[in-house]
Every structure is written in C-alpha cells, then in structure tokens.
Amino acid sequence: LFESVRNYQWKGICIEPQTEAFRKLTRHYADCPAVISVQGALSSQSGNRSLFRFQHQDPELNIYCDELASFYKPLHIENVIVELLKFPELLESVSSDIDRWIIEETVPCYTIEELISTYGISPELISLDIEGHEADVIMGIDLKKIRPSFFFFEIFHMREVKKTACLQRLMDNGYRI
C-alpha cells in the first residue's frame with residue numbers, strides 16, 4: 001500500500017491511537033504531502049474511549065505485542081496470548097497474571113464521516129487494521145454518502161457473527177468479496 005501511495009501520490013488519512021506507532025506512521029509518510037496523519041482511533045462513534053494495550057516490564061515481551069491494542073479488553077488479552085503463543089517461554093512468564101500487564105488509555109475517537117468532512121477527502125479506498133473493530137466501523141458508514149471503490153481490512157480478529165454481518169452488508173451494497 002505504501003508504495004502505491006508514494007508512487008501515485010494518493011491522498012489519504014492515516015489514524016493511529018498509540019503514541020509510538022503514531023510517530024512511526026508519521027515518519028513513514030513524511031515524504032507524502034497528500035497523506036494526513038491523525039493521532040486518535042477510528043470508531044463507529046466519536047468521543048473518547050478506553051483503549052487497552054500490553055505493557056510489560058520486560059522489553060523483549062513488549063517487542064512482540066507493542067502494536068496490538070483494542071477497545072475490548074477480553075479480545076486484547078486473547079490477541080496478546082495468540083501472539084505470545086509463538087514464544088512459549090515468553091508466554092509462560094506472563095500467562096498467570098496477564099491482566100496486570102494490560103493498561104488502559106483514553107483516546108479520542110473519530111468516525112470516518114468526521115475525518116472525511118474535516119479533511120475534505122473522498123476516499124477511493126478505505127483500509128482498516130483496527131484489531132477486530134473493523135466490522136463496527138464498516139457497519140457505521142453511510143454507504144449512500146461515502147462510497148469507496150474498495151475496502152481493505154483484516155477479518156482475523158473479528159468475531160464470526162460480526163464478520164458475517166459486515167460482509168453481508170457490503171455485498172448487499174454492491175461490493176464483491
């Protein structure tokens with residue numbers, strides 16, 4: 001995606017709630033003047049929300065989970081465990097008290113409609129990677145007003161019921177899956 005943004009000088013809005021990840025994102029797109037970076041989270045409703053992320057005293061553990069975050073604490077814990085299952089020796093050190101390493105932060109949230117209105121961009125592509133919250137955001141889009149040609153999003157973290165409803169809504173509105 002980045003190469004296409006750079007080569008074709010696509011316009012876009014990148015949104016990231018976590019401070020360090022936001023810094024990386026901003027540096028990554030520094031030479032793309034048509035890309036606007038916003039520190040916050042994409043949501044189906046605007047306002048402030050609690051975001052859960054993993055922060056451990058062992059920096060090695062943080063390396064594997066530093067970009068994971070979720071509005072849903074149980075889902076976040078599940079995602080952290082799935083990530084750490086790749087490294088059983090690391091998982092062992094946190095599994096009994098993983099809850100104590102999950103921190104809660106308040107982040108500003110924006111809807112897609114708000115961002116499009118604020119920055120005056122009509123998207124051809126909406127790309128989402130928001131750890132299981134994609135379905136809620138897509139379900140909240142008024143597809144009569146905002147009609148991108150393409151959606152690109154993960155379904156890995158989605159619950160089956162939400163995934164089915166989201167995909168059905170897109171198909172009902174003329175999108176091919």
Side-chain angles (χ1 to χ4, degrees), residues 1-2 12-30 35-116 118 125-141 151-167 169-170:
L1 185 60
F2 173 71
I13 302 168
C14 295
I15 183 164
E16 172 58 55
Q18 298 183 71
T19 301
E20 190 52 40
F22 177 73
R23 285 186 190 124
K24 287 179 190 175
L25 183 72
T26 303
R27 283 192 305 268
H28 193 69
Y29 285 101
V35 174
I36 299 159
S37 296
V38 176
Q39 187 166 9
L42 195 57
S43 185
S44 54
Q45 297 179 338
S46 58
N48 291 326
R49 289 190 67 183
S50 292
L51 184 75
F52 298 94
R53 64 183 187 86
F54 182 81
Q55 184 173 327
H56 196 273
Q57 64 192 16
D58 181 347
E60 185 177 3
L61 284 169
N62 290 328
I63 289 170
Y64 301 108
C65 301
D66 68 339
E67 293 186 7
L68 293 177
S70 179
F71 291 135
Y72 310 110
K73 188 175 182 180
L75 177 62
H76 183 61
I77 290 172
E78 183 181 310
N79 291 342
V80 168
I81 290 170
V82 166
E83 189 62 30
L84 291 178
L85 279 172
K86 300 171 190 170
F87 311 95
E89 69 284 357
L90 297 177
L91 179 61
E92 208 173 279
S93 67
V94 298
S95 61
S96 63
D97 62 347
I98 196 163
D99 197 55
R100 76 182 268 213
W101 305 113
I102 304 298
I103 62 170
E104 181 178 356
E105 297 177 333
T106 301
V107 297
C109 295
Y110 307 95
T111 64
I112 285 181
E113 286 87 351
E114 276 182 299
L115 293 171
I116 289 170
T118 299
L125 164 73
I126 293 180
S127 176
L128 304 169
D129 182 2
I130 47 180
E131 311 305 328
H133 195 55
E134 291 86 351
D136 294 333
V137 169
I138 291 169
M139 297 299 278
I141 297 173
F151 280 93
F152 182 77
F153 57 94
E154 285 185 340
I155 59 173
F156 176 73
H157 297 295
M158 275 189 208
R159 299 287 187 221
E160 194 61 37
V161 171
K162 286 190 175 195
K163 177 172 65 177
T164 301
C166 176
L167 296 176
R169 180 163 188 262
L170 289 173

**Request:** Go through the steps for Phe152 and Leu128 under the test side chain to side chain contact (heavy atoms under 4.5 Å, CB included), then give the verdict.
**Result:** CA-CA 6 Å; Phe152 182 77; Leu128 304 169; over 6 Å; no

**Item:** Evaluation steps, side chain to side chain contact (heavy atoms under 4.5 Å, CB included), between Arg159 and Leu75
**Value:** CA-CA 10 Å; Arg159 299 287 187 221; Leu75 177 62; 3.9 Å; yes

**Message:** Run Leu170 and Phe153 through side chain to side chain contact (heavy atoms under 4.5 Å, CB included) and show every step you take.
**Reply:** CA-CA 12 Å; Leu170 289 173; Phe153 57 94; 3.8 Å; yes

**Full working for side chain to side chain contact (heavy atoms under 4.5 Å, CB included) between Phe71 and Val107** = CA-CA 10 Å; Phe71 291 135; Val107 297; 4.2 Å; yes

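No option in Ile13, Leu25, Thr26 other than Ile13 meets the side-chain contact (heavy atoms from CB on, under 4.5 Å) test with Val38.
Between Met139 and Ala165, the closest heavy-atom pair is SD-O, 3.9 Å. For the residue pair Ile77 and Asp99, the shortest heavy atom distance occurs at CD1-OD1, 3.7 Å. When all heavy atoms of Glu134 and Glu154 are compared, the closest pair comes out as CD-O, 3.8 Å. Pro17 and Gln39 make their closest contact through O-NE2, 3.5 Å (heavy atoms, listed as atom of the first residue, atom of the second, distance). The shortest non-hydrogen separation linking Glu113 to Ile141 is OE2-CA, 3.4 Å. The shortest heavy-atom contact between Leu1 and Ser127 is CD2-OG, 3.9 Å.
Separating the CD1 atom in Ile155 from the CD atom in Glu160 is a distance of 8.0 Å, to the nearest 0.5 Å. Rounding to the nearest 0.5 Å gives a distance of 11.5 Å between CG of Leu42 and CG of Asp129. Here CD1 of Ile102 is found 10.0 Å from CZ of Arg53. Values are rounded to the nearest 0.5 Å.
Using bins of under 30°, 30° to 60° and over 60° for the plane-to-plane angle, the ring pair Phe2/His28 lands in the tilted bin.
Within the 4.5 Å cutoff, no side-chain heavy atoms of Ile126 are placed close to those of Val137. Looking at heavy atoms from C-beta onward, Asp136 lies out of side-chain contact with Ile130 at the 4.5 angstrom threshold.
Panel note: side chain His133, backbone Ser70; no donor-acceptor pair is recorded below 3.5 Å.
Under the salt bridge (Lys or Arg N to Asp or Glu O under 4.0 Å) criterion, Arg49 pairs with no residue, sequence neighbours left out. With sequence neighbours excluded, the residues satisfying side chain to side chain contact (heavy atoms under 4.5 Å, CB included) with Arg27 are Glu20, Arg23, Lys24.
A 6.0 Å sphere centred on CD1 of Ile81 holds more than 12 heavy atoms belonging to other residues, nucleotides or ligands.
No side-chain N or O of Glu16 forms a donor-acceptor pair with one of Ser37 less than 3.5 Å apart.
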